[in-house]
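No experiment lies behind these values; they were computed from the predicted model shown. Order of appearance sets the numbers: ligands from 1, and atoms from 1 within every ligand. Counting begins at 1 with the first residue of the sequence.
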Amino acid sequence: MMKNGEKWLDVDGKPIEAHGGCRLNYGGKIYWYGEDRTGDNYVSCYEKTAKGWKFLNNVLTVNSPKQPTRVKSDLSLITEVASGEKVHAIIERPKVLYCEKTGKFVMWMHYENGVDRKCARCAVATCDTPYGDFVYHGSFNPYGNDSRDCTLFKDGEKVYFFSSSRSNLDMHVYLLADDYLNVNKFIGALFSNELREAPAIIKKNGKYLIVTSYCTGWKPNQSTFSVSDSIDGVFSVNQNLGDENTYFSQSAFLYENEQGDIVYFGDRWGGNDFNKTGVFDYAKSGYCAYKIEFDGKTATLIRSEDAFNE
Ligand code: GAL
């Protein structure tokens, strides 16, 4: 049983590096992708086995192959600064879906150049397998908008990209093109001036539940939830989820387990140490899995020491 907030170990006893990530069910297997900031890595992929999470590959790294698409984008993953030093880009909150039309696994993520936080772009990569070496297709600002914390959500045939925009003031919703390589329509903006980020969405019994956090960097804060009958419909007024620090976590994604429970998967950035000492070390970041009870109107986060369903 994994403990909430700790940096969990994989089946080989190595720390799992999959922060701000996502979960993909494909071909009867369950994959977990997330940020890996060790060495030259950007995104790693793990597979769920009977014994625990098994590391498969560093699917996106500084050295990933690059290929432009029809989308005008910036292919760089390294920035050379005035001193001549080469700085790694920052890749955050990678989300992966399978595109039936193209047969590709498509990753969307948040890109910053590693020098400052002004780019605020989304970025796209693809691969023929869930855990192969992804090809990087570059970063861009969707319709010119800034785009930070993000998620993907597949609703039947349609796929939506959610990202915090207007300096995190609003949460933007875009419909993706049918090859998932670009945004195709601006659906609208949610939660105007509410400063919500870390979006995570699930559909259950016809209701769409979106969980977001407030913006306090790595420090945990009060998450909220909102409910709608459709993605382009009206979302309810945000209501608090969990306590003022969301049981020391920030949302990464939501999923439904085999029993039909909704699981909230979050990051405890900086691990338990950050919350005790105030000294932040990204490398110590841990994971949290809490159950969410959702009746179609109200969502309740269930606090636990043990990670739920892990
Ligand atoms: C958080 C965000 C994280 C990361 C961090 C950097 O608010 O959710 O993904 O960007 O800020 O300070």
Side-chain angles (χ1 to χ4, degrees), residues 5 7 16-23 32-38 41-44 60 77 79 87-96 107-123 139 141 145-153 161-172 190-191 193-201 210-226 238 241-242 244-254 264-271 273-275 278-288 290 301:
K7 190 158 186 178
I16 296 178
E17 300 290 350
H19 311 278
C22 71
R23 188 175 165 113
W32 175 13
Y33 301 84
E35 295 168 23
D36 180 346
R37 298 197 184 188
T38 63
N41 303 320
Y42 284 134
V43 180
S44 56
L60 191 77
L77 279 168
T79 306
V87 181
H88 285 190
I90 300 280
I91 295 293
E92 294 184 338
R93 299 188 175 270
K95 313 292 167 193
V96 180
M107 180 189 298
W108 281 63
M109 61 210 112
H110 170 199
Y111 164 96
E112 297 291 351
N113 62 11
V115 180
D116 53 38
R117 305 274 299 180
K118 292 182 190 154
C119 288
R121 295 182 194 148
C122 59
S139 62
N141 294 105
N145 296 319
D146 59 302
S147 176
R148 291 189 167 87
D149 280 14
C150 60
T151 197
L152 289 177
F153 181 71
F161 178 65
F162 287 67
S163 73
S164 301
S165 192
R166 215 163 58 88
S167 300
N168 289 341
L169 282 167
D170 309 333
M171 178 66 62
H172 280 184
L190 304 178
F191 316 137
N193 288 49
E194 290 184 33
L195 286 157
R196 307 311 301 171
E197 62 176 11
I201 302 152
I210 177 167
V211 170
T212 55
S213 76
Y214 181 50
C215 305
T216 51
W218 301 118
K219 263 181 79 172
N221 57 53
Q222 176 73 65
S223 291
T224 57
F225 71 90
S226 168
N238 273 311
L241 181 75
E244 72 280 0
N245 52 41
T246 317
Y247 312 142
F248 289 109
S249 73
Q250 186 185 32
S251 40
F253 58 91
L254 303 176
Y264 161 103
F265 208 96
D267 295 282
R268 188 169 293 176
W269 300 113
D273 278 8
F274 181 43
N275 296 306
V279 180
F280 182 72
D281 179 359
Y282 180 93
K284 292 186 176 170
S285 298
Y287 310 100
C288 296
Y290 298 117
L301 195 64

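Taking atom 7 (O) of ligand 1 as the reference point, the nearest protein heavy-atom neighbour is Glu197 OE2, 2.2 Å. The protein heavy-atom contact nearest to atom 6 (C) of ligand 1 is Trp218 CZ2, 3.5 Å. For atom 8 (O) of ligand 1, the nearest non-hydrogen atom of the protein is Asp149 OD2, 2.6 Å.
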Would you please test Asp267 and Tyr287 for side chain to side chain contact (heavy atoms under 4.5 Å, CB included) and show each step? CA-CA 5 Å; Asp267 295 282; Tyr287 310 100; 4.1 Å; yes
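In summary, the side chains of Thr246 and Tyr264 do not present any donor paired with an acceptor at a separation below 3.5 Å, with no hydrogens or angles considered.
Atoms of ligand 1 found under 4.0 Å from any heavy atom of Glu92, numbered from 1 in the order shown, are 4 (C), 9 (O), 10 (O).
Residues Glu35 and Tyr282 meet the side-chain proximity criterion, which asks for heavy atoms closer than 4.5 Å.
Looking at Gly217 next to ligand 1, an N or O pair under 3.5 Å apart turns up. Considering backbone and side-chain N/O atoms, Glu35 never comes within less than 3.5 Å of an N/O atom of ligand 1.
Atom CZ of Phe191 has more than 12 neighbouring heavy atoms from other residues, nucleotides or ligands inside a 6.0 Å radius.
When heavy-atom distances to ligand 1 are checked against a 4.0 Å cut-off, Arg93 comes that close only through its side chain, counted from C-beta outward.
Judged by the shortest distance from any of its heavy atoms, Arg117 lies inside the 4.0 Å radius around the atoms of ligand 1.
Taking 4.0 Å as the cut-off between side-chain N and carboxylate O, Glu197 and Arg93 do not count as a salt-bridged pair.
Below 30°, between 30° and 60°, or above 60°: for Phe280 and Phe274 the angle between ring planes is above 60°, a perpendicular geometry.
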